[in-house]
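Heads up, the thing below is written out as structure tokens.
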Amino acid sequence: RKEVEQDPGPFNVPEGATVAFNCTYSNSASQSFFWYRQDCRKEPKLLMSVYSSGNEDGRFTAQLNRASQYISLLIRDSKLSDSATYLCVVNRIGNQFYFGTGTSLTVIP
Amino acid sequence: DAGITQSPRHKVTETGTPVTLRCHQTENHRYMYWYRQDPGHGLRLIHYSYGVKDTDKGEVSDGYSVSRSKTEDFLLTLESATSSQTSVYFCAINYGQGRSYEQYFGPGTRLTVT
């Protein structure tokens, strides 16, 4: 079983829509959780860390459910510039990170 | 900007030739990583380093070796390149302290093995 699983999409949504991505992780010992954004032919960039209490950064909201081993990312009021692949990432103690295969988002004018 | 550079950025090489990719960081980070990214597989760890001369294998280490003789440089070598090693290679560092780390990536190297 993969450490991290994501729906690859693609998600094609109109501008202004709300879209949600989900991710599950297999190892209950996972300690830290992140969403990264990757643009075409570029490196992944940290979008936000995910905390147990949930956290929000502008139009982006991330939530963690440890009991279900589930992470989510909600994007409100989608912009054309949000088009990218979103990677779910988990970390266990020991400095190793595990990456999902990514969910592709295209925001349509 | 985590101060990570990779070289070369693009390389085309022939099967059977040795190839070395370089990752350079300017901020004295202890941990450095090499990943490859392929469609359908996401990022997979090749090798990582936790200090000068301290390295360990990752998930897909076969056919690759690494060296870290200085804190700032982490080299990835394909001893005899194969077509299955055509990929995008990313270097990364860990940033943080205690139990909380984040990873930051270099711009990547696109390697094509013909």
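Keep in mind that this is a model prediction, so the values were computed, not measured. So that the names make sense, note that chain A is the first sequence line, chain B the second, and so on, each numbered from 1.
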| said: What part of B:R44 gets within 4.5 angstrom of chain A, counting heavy atoms only: side chain, backbone, both, or neither? | reply: neither

| Under a 4.5 Å cut-off applied to non-hydrogen side-chain atoms, are B:Q25 and B:F74 in contact? | no

| Exam field: side chain B:S49 to backbone B:G51, donor-acceptor pair closer than 3.5 Å | yes

| query | Contact part of B:L45 toward chain A, heavy-atom cut-off under 4.5 Å: side chain, backbone, both or neither? | reply | side chain

| field | Engaged part of A:F97 at the chain B interface, taking heavy atoms whose separation is under 4.5 Å | value | both

| said: Need one label for B:E59: side chain, backbone, both or neither, based on atoms under 4.5 Å from any heavy atom in chain A. | reply: neither

| field | Residues of residues 38-50 of chain A within contact distance of chain B, non-hydrogen under 4.5 Å | value | A:Q38, A:R41, A:K42, A:E43, A:P44, A:L46, A:S49

| said: A side-chain contact here means heavy atoms from C-beta on lying under 4.5 Å apart; do A:Q63 and A:Y70 qualify? | reply: no

| said: Please check: side-chain N/O of B:W34 versus main-chain N/O of B:L21, any donor-acceptor pairing under 3.5 Å? | reply: no

| task | Specify whether B:H29 and B:Y95 have parallel, tilted or perpendicular ring planes, treating 30° as the upper limit for parallel and 60° as the lower limit for perpendicular. | result | perpendicular

| task | For the residue pair A:N22 and A:Q6, establish whether any side-chain heavy-atom pair is separated by less than 4.5 Å. | result | no

| query | Checking heavy atoms, do the side chain of B:Y35, its backbone, both or neither come under 4.5 Å from chain A? | reply | side chain

| Is the closest side-chain heavy-atom distance between B:K57 and B:Y48 below 4.5 Å? | no

| message | Which atoms of A:Y98 are under 4.5 Å from chain B, going by heavy atoms: the side chain, the backbone, both sets, or neither? | response | neither

| message | Once ring pair (Phe, Tyr, Trp, His ring centres under 6.0 Å) is applied, what residue pairs with a partner in residues 10-29 of chain A remain, sequence neighbours excluded? | response | A:F11-A:F21, A:F21-A:Y86, A:Y25-A:F33

| message | Looking at B:D73 and B:K70, is there a salt bridge between them, counting it only when a charged N and a carboxylate O are closer than 4.0 Å? | response | yes

